[in-house]
Amino acid sequence: MQTQIGFPLFFKLIKGNKLFLLGAIFTLLSIVVIAPTFITISSFIEPHQKYDYELIYSKGAEKEAVIDKMTVVTNVTINNENPVLISYSYKDNGQVVHDKFETFDLNEKYNTFSNDKIKIHDPITIKVFKGQSALVGLEPFVFPFKLFYIFFVFPLVGIILLIIGVMPGLKIYRLYKSGKKYEATIYDLAPVTSGFLLLAKRKAVVNYHYLSKNGTKLSGEAVLPVNFLVNHVVGDTFTVYVSLGDEHKSYPSPKYLF
């Protein structure tokens with residue numbers, strides 16, 4: 001029965017590649033675990049935590065705002081100190097805008113909010129740039145959410161491994177699609193162990209030669225399933241596919257691969 005040259009054959013050519021399998025595992029774990037985690041974390045990020053404070057301070061316009069509320073952020077602690085979340089409001093183009101600002105400058109001894117720095121309902125100076133604002137005179141604190149981007153290394157590694165793992169099978173598949181059938185003669189045939197430890201498998205290494213269009217003897221080598229040894233011996237002929245563009249490139253017919 002003739003093997004059809006289509007996607008099922010292409011998948012069979014690549015699925016046994018260990019780099020392809022490892023890449024598939026990395027990519028799948030990224031989709032199943034990392035992506036939902038990142039989406040969940042992103043949903044908790046408030047708008048002010050995405051602000052470009054460097055741009056606000058360098059290009060923003062000064063405005064006056066009023067402190068509405070100040071609270072201690074208890075779920076973040078650095079050096080036994082908690083940041084303070086300052087809620088304030090200001091007018092922009094006739095509209096009242098509410099915004100927030102997080103800082104460590106109001107450290108533990110100021111967390112009673114009875115200090116000389118800022119007080120609730122006091123006017124304060126802010127800078128506004130393209131809808132983003134920041135308090136002047138206080139250092140902003142932004143949780144380093146960008147650290148989570150390091151997890152994108154896993155899908156990146158997975159994709160790279162997938163590409164590397166696909167390439168050998170893709171070359172053979174293209175040879176099948178565009179090549180021509182030739183008769184080849186086996187001149188060397190031997191068993192070999194492929195892989196490591198529990199993943200090790202017995203296979204057959206076959207060396208063969210065939211004649212080009214102009215009668216030149218060309219040779220090739222392939223690793224096939226071990227059952228090839230059962231049905232073939234040195235001196236037997238079998239079918240190979242040869243590239244029309246380069247007759248030095250050849251590979252045994254797909255019927256011998258599975």
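Since the model is a prediction, treat every value here as computed from it, not as a measurement.
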Name each donor-acceptor pair under 3.5 Å that joins a side chain in residues 8-15 to protein atoms two or more places apart or in another chain, with its distance.
none

Exercise. Between the main-chain N or O of V233 and the side-chain N or O of D236, is there a donor-acceptor pair closer than 3.5 Å?
Worked result: yes
Exercise. So, the side chain of N17 versus the backbone of L19: is there a donor-acceptor pair under 3.5 Å, distance only?
Worked result: yes
For this session: Tell me, with the steps shown, if Y241 and K181 meet side chain to side chain contact (heavy atoms under 4.5 Å, CB included).
Result: CA-CA 5 Å; Y241 276 72; K181 290 182 181 181; 3.0 Å; yes
[atom1] of [X] to [atom2] of [Y]: how many Å apart, nearest 0.5 Å?
X    : Y    : atom1 : atom2 : value
H121 : I67  : NE2   : CD1   : 10.5 Å
T125 : E62  : OG1   : CD    : 6.0 Å
L224 : L257 : CG    : CG    : 6.0 Å
S212 : H248 : OG    : NE2   : 7.5 Å
Q49  : F141 : CD    : CZ    : 8.5 Å

Would you please name every residue forming a ring-ring contact (aromatic ring centres under 6.0 Å, His included) with [X], sequence neighbours left out?
X    : result
Y187 : H209
F238 : Y208, F228, Y256
Y90  : none

Side-chain donor/acceptor pairs under 3.5 Å, residues 20-31, sequence neighbours excluded:
unit_1: T27; atom_1: OG1; unit_2: G23; atom_2: O; d: 2.8
unit_1: S30; atom_1: OG; unit_2: F26; atom_2: O; d: 2.7

Problem set entry | Which residues share a salt bridge (charged side-chain N to carboxylate O under 4.0 Å, His left out) with K63, sequence neighbours left out | D92
Problem set entry | Results of salt bridge (charged side-chain N to carboxylate O under 4.0 Å, His left out) for K100 - residues two or more places apart only | E46
Quick one, [X] and [Y] - any side-chain contact, counting heavy atoms below 4.5 Å?
X    : Y    : answer
S133 : Y88  : yes
V84  : V73  : no
V142 : E102 : no
Y251 : V240 : no

Seminar exercise, completed: Minimal heavy-atom distance between I126 and V128, with the atoms involved, is CD1-CG2, 3.7 Å
Exercise. Which atom names give the shortest non-hydrogen contact between E139 and T103, and what distance separates them?
Worked result: O-OG1, 2.6 Å
For this session: Treating Ile, Leu, Val, Met, Phe, Trp and Tyr as nodes and any side-chain heavy-atom pair under 4.5 angstrom as an edge, say whether V136 and L85 lie in one connected cluster.
Result: no
Exercise. Do V206 and V234 sit in the same hydrophobic cluster, where Ile, Leu, Val, Met, Phe, Trp and Tyr count as joined when their side-chain heavy atoms come under 4.5 Å apart?
Worked result: yes
Exercise. Is it the case that more than 12 heavy atoms not belonging to N214 sit under 6.0 Å from its CG atom?
Worked result: yes
For this session: Answer yes or no: does atom CG of N79 have more than 12 heavy-atom neighbours from other residues, nucleotides or ligands under 6.0 Å?
Result: no
Partner set under side-chain contact (heavy atoms from CB on, under 4.5 Å) for [X], not counting sequence neighbours:
X    : result
K213 : Y182, E247
L229 : L189, P191, A204, V226
V96  : S89, K91, H98

Anything under 3.5 Å between a donor and an acceptor, one on a side chain of residues 51-60, the other on a protein residue two or more places apart or in another chain? List them.
unit_1: Y51; atom_1: OH; unit_2: D99; atom_2: OD1; d: 3.1
unit_1: Y51; atom_1: OH; unit_2: D99; atom_2: OD2; d: 2.9
unit_1: D52; atom_1: OD1; unit_2: E54; atom_2: N; d: 3.4
unit_1: D52; atom_1: OD1; unit_2: L55; atom_2: N; d: 3.2
unit_1: Y53; atom_1: OH; unit_2: H48; atom_2: O; d: 3.0
unit_1: Y57; atom_1: OH; unit_2: L135; atom_2: O; d: 2.6
unit_1: Y57; atom_1: OH; unit_2: L138; atom_2: O; d: 3.4
unit_1: S58; atom_1: OG; unit_2: E54; atom_2: O; d: 3.0
unit_1: S58; atom_1: OG; unit_2: L55; atom_2: O; d: 3.2

Anything under 3.5 Å between a donor and an acceptor, one on a side chain of residues 156-180, the other on a protein residue two or more places apart or in another chain? List them.
unit_1: Y176; atom_1: OH; unit_2: P252; atom_2: O; d: 2.4
unit_1: S178; atom_1: OG; unit_2: R174; atom_2: O; d: 2.9

For this session: Apply the test side chain to side chain contact (heavy atoms under 4.5 Å, CB included) to residues L211 and L218: give CA-CA distance (whole Å), side-chain angles for both, the deciding distance (0.1 Å), then the verdict.
Result: CA-CA 6 Å; L211 297 179; L218 303 175; over 6 Å; no
